[in-house]
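Reckoned from all heavy atoms, side chains included, excluding hydrogens, waters and symmetry mates.
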Amino acid sequence: MCGIVGYVGVRPCLPVLVAGLRRLEYRGYDSAGVALVDPNSALQTAKKAGKLQVLVDELEANPLQDAVTGIAHTRWATHGPPNDINAHPHLADDGKLALIHNGIIENDRELAAELEKEGIRCVSDTDTEVAAHLVAKAYRETGDLTEALRQTVLRLRGAFTLLVTHQDHPGLVVGARRNSPLVVGLGEGENFLASDVAAFVEHTRTALSIGQDQVVTITPEGVTVTTFDGTPVEPETFTVDWDASAAEKGGWGSFMAKEISEQPEAVANTLRGRLTEDGTVTLPELDVLRERDIRRVVFVACGTAAYAAMIGAYALEKFAKIPASVELSHEFRYREPLVDSHTLVVSVSQSGETMDTLMAVRHAAENGAATVAICNTQGATIPRESDATIYTHAGPEVAVASTKAFTAQVVACYLLALYLAAEAADSSVKERVEISTALLAAPDQMSEMLGVGERIAEMAKWMADTHSVLYLGRHVGFPVALEGALKLKELAYIHAEGFAAGELKHGPIALIEPGQIVFVVVPSPRDPASLHAKVVSNIQEIRARGARVIAIAERGDAAVLPFADEVIAVPPAHPFVEPLLAVIPLHLFGMELAMAKGLDVDQPRNLAKSVTVE
Ligand code: AGP
């Protein structure tokens with residue numbers, strides 16, 4: 001999704017803007033641009049299709065004059081192909097006004113038709129340019145840039161974060177947001193606007209969240225916020241709990257490699273201060289739920305987050321004895337779900353900006369449900385619109401494909417389950433102590449699992465030309481299989497599919513032919529539900545048909561050895577800890593196969609880190 005940065009202050013702003021865009025590259029984009037305003041020059045712009053380096057090269061070849069006010073943008077094309085004309089910023093008012101946008105303006109065509117009747121024609125294919133002309137028109141009538149943007153946003157439908165600057169107003173940037181992210185960075189004699197705190201965290205870790213339907217005006221001296229109807233607002237200040245170095249690669253070859261390696265720490269940090277071995281959960285932010293009689297939990301999420309939620313649903317039913325289900329966010333509200341005041345809707349979202357999930361949360365709240373967010377991004381929109389939030393403390397996840405957020409989300413779901421279990425009369429204290437003790441030991445076991453990296457890299461080399469990989473799992477291993485398949489799809493662009501192992505004989509086994517690679521997540525042989533024996537039978541069935549089986553199984557599991565071509569051993573662990581261990585070789589495999597194919601593991605094609613459009 002698009003990246004947005006704005007700056008007002010005393011420093012030459014171009015380096016600040018470009019560095020901010022670099023920190024937002026992970027959001028996925030296909031063009032970039034800047035606009036600078038300075039008392040000593042006309043408004044200056046540069047914008048280019050392609051990666052940020054193309055713009056940087058352009059700026060080196062045709063330098064702009066220094067300026068202390070500016071806005072910058074990386075565009076992920078929605079309306080119109082990625083080219084120089086469609087890149088942001090878009091200009092109006094005889095080139096004196098520049099505007100950038102993240103989101104989709106749904107009524108752009110009718111507004112464009114209205115402008116055309118007044119002789120104002122758009123030169124680009126974008127929805128954004130319409131907003132630029134509307135703001136310019138309102139500015140000519142009011143002479144006030146904030147008022148002009150405020151009047152304009154009242155006419156827009158859809159999702160938008162807009163920033164606007166004008167040649168007549170150096171030292172001023174105005175922003176507005178609906179359904180797309182916008183945060184303010186508060187500096188000394190300088191202030192920032194951005195889609196994400198990563199853009200300015202090296203300059204300041206003090207930030208403000210801009211709420212739904214709000215307009216923000218920044219100058220070097222201060223920040224003012226109003227609602228779209230002009231009512232003043234006092235936004236909450238928060239402190240970013242990580243520093244710029246955390247958003248750097250730290251010596252790793254890729255953010256993907258770095259973030260896979262950070263999974264033990266992400267889990268440890270998410271548990272820290274919240275869980276003790278006796279099963280006591282400290283999550284005061286959830287105390288609002290005590291006023292509710294929760295009888296059902298529905299998770300809403302997309303992609304990897306949905307797979308974490310699937311594991312969470314097992315834990316809710318196992319430990320808290322509460323019926324739990326998982327809905328893909330984009331399906332949830334369209335199936336007219338039965339939701340009431342006894343329903344707890346739990347959103348799982350790394351970015352906290354996924355539009356599908358945000359809309360699902362809104363639908364749930366409108367129908368009386370309690371809402372809890374599990375999120376990795378402070379001040380994001382979904383937490384702001386939820387009754388309570390369990391923040392995962394995984395640190396910034398920059399690589400587009402999610403890894404450490406997944407394991408942190410699983411653990412956050414477990415914390416929720418244990419919190420609710422403490423309130424449940426028929427919950428087993430013994431079970432809660434067992435899982436709590438096991439979870440607190442999990443980070444060390446996850447660190448041990450990272451040691452399989454070299455072996456996985458070797459395997460990936462001989463599989464580099466494969467065209468299909470299947471993943472099987474059962475119970476909490478089934479979402480792990482789905483997650484492993486998704487990683488291979490999004491990182492190595494290889495068709496991969498995850499199945500519940502029990503489903504194999506109901507059709508998918510027809511896919512098995514000699515040489516078909518199949519990863520199998522094998523439950524512990526100590527598992528009382530005898531799922532282990534059933535999965536070993538599944539391995540025998542596919543091996544008999546020529547599959548190449550890579551089993552992820554508990555160390556010492558002798559039953560698997562005769563039927564697997566490769567065995568990746570995991571340390572003996574609680575059944576609900578196994579997903580945290582088994583997923584690591586699958587994350588590593590997706591990355592290593594992509595690297596073997598020479599692909600960009602941090603910014604895979606077609607993908608965006610946060611899908612802020614429906
Ligand atoms: C994960 O690797 C994918 N990039 C994608 O499935 C992601 O998990 C999904 O878009 C949800 O994003 P969120 O967690 O930010 O809501």
Side-chain angles (χ1 to χ4, degrees), residues 1-7 11-36 44-64 66-67 69-78 80-91 98-103 124 126 128 161 163 165 173 180-183 185 192-203 244-245 247-249 252-256 258 351 396-401 599-612:
M1 290 299 100
C2 308
I4 278 187
V5 189
Y7 177 82
R11 286 187 271 176
C13 67
L14 187 58
V16 174
L17 295 173
V18 171
L21 290 186
R22 283 206 192 287
R23 287 275 165 75
L24 299 179
E25 282 193 287
Y26 70 83
R27 297 172 66 86
Y29 70 100
D30 38 44
S31 61
V34 295
L36 306 181
Q44 305 171 88
T45 60
K47 54 182 189 173
K48 298 296 282 182
K51 289 301 182 188
L52 186 55
Q53 192 56 45
V54 177
L55 176 66
V56 169
D57 294 345
E58 167 67 19
L59 290 165
E60 282 169 6
N62 303 290
L64 303 180
D66 278 353
T69 302
I71 57 179
H73 186 265
T74 48
R75 175 179 183 248
W76 188 72
T78 52
N83 58 32
D84 294 359
I85 292 176
N86 291 336
H88 301 197
H90 288 282
L91 303 183
L99 178 140
I100 58 180
H101 167 222
N102 175 15
S124 74
T126 67
T128 305
T161 296
L163 293 195
T165 191
V173 172
S180 289
L182 184 60
V183 287
F192 307 77
L193 283 168
S195 321
D196 180 318
V197 297
F200 55 67
V201 72
E202 69 181 286
H203 305 298
S245 62
E248 291 301 330
K249 290 182 191 172
W252 290 90
S254 64
F255 284 111
M256 175 55 63
K258 171 173 178 275
S351 64
E397 188 176 72
V398 176
V400 168
L599 299 172
D600 180 348
V601 292
D602 286 342
Q603 296 178 35
R605 69 185 180 194
N606 307 340
L607 291 181
K609 181 62 181 173
S610 174
V611 182
T612 56

Sequence-distant partners of Ala32, side-chain contact (heavy atoms from CB on, under 4.5 Å), two or more places apart: Leu52, Leu55, Thr74
Polar side-chain atom of Thr161 near backbone of Pro181 as donor-acceptor pair, under 3.5 Å: yes
Rounded distance [0.5 Å steps], CD1 in Ile85 versus OG in Ser124: 8.0 Å
Nearest atoms (heavy-atom pairs only) where Pro604 meets Val400: CD-CB, 3.8 Å
For Asp84, all residues meeting side chain to side chain donor-acceptor pair (under 3.5 Å), sequence neighbours excluded: Lys48
Flag side-chain contact, heavy atom, 4.5 Å: Arg23 against Glu202: yes
Check: Asn86 main-chain N/O paired with His90 side-chain donor or acceptor under 3.5 Å: yes
Set of side-chain contact (heavy atoms from CB on, under 4.5 Å) partners for Ala401, sequence neighbours left out: Met256, Lys487, Glu490, Leu491
Please tabulate, one pair per line, all N/O donor-acceptor pairs under 3.5 Å involving side-chain atoms of residues 56-64, not counting sequence neighbours.
residue : atom : partner : partner atom : Å
Asp57   : OD1  : Gln53   : NE2          : 2.8
Glu58   : OE2  : Asn62   : ND2          : 3.0

Close side-chain approach of Leu182 to Leu163, heavy-atom, < 4.5 Å: yes
Residues which pass side-chain contact (heavy atoms from CB on, under 4.5 Å) with Ser351, listed by chain and number, not counting sequence neighbours: Ser349, Glu353, Thr354, Ser610
Heavy-atom pair with the smallest gap, counting every atom of Tyr7 and Val173: O-CG2, 4.0 Å
Smallest separation among heavy atoms of Ser195 and Leu24, with atom names: OG-CD1, 4.2 Å
Exercise: identify the closest heavy-atom pair between Ala98 and Ile71: O-CD1, 3.6 Å
Donor-acceptor contact present, side-chain Asp602 to main-chain Phe255, <3.5 Å: yes
Phe200 and Phe192 aromatic ring geometry - parallel, tilted or perpendicular at 30°/60° bounds: tilted
Counterpart residues, side chain to side chain donor-acceptor pair (under 3.5 Å), relative to Thr45 (two or more places apart): none
Minimal non-hydrogen separation, Leu21 against Gly3, with atom names: CD2-O, 4.2 Å
Side chain to side chain donor-acceptor pair (under 3.5 Å) involving Thr128 - partner list, sequence neighbours excluded: His88, His101
CG on Asn102 to NE2 on His73, rounded to 0.5 Å: 6.0 Å
Pro82 to Ala49 - nearest heavy-atom pair and separation: O-CB, 3.7 Å
Distance in Å, Gln603 CD paired with Lys51 NZ, rounded so as to fall on 0.5 Å steps: 4.5 Å
Pairwise side-chain contact, Cys13 with Leu36, heavy-atom cut-off 4.5 Å (strictly under): yes
Check: Ala399 main-chain N/O paired with Lys609 side-chain donor or acceptor under 3.5 Å: yes
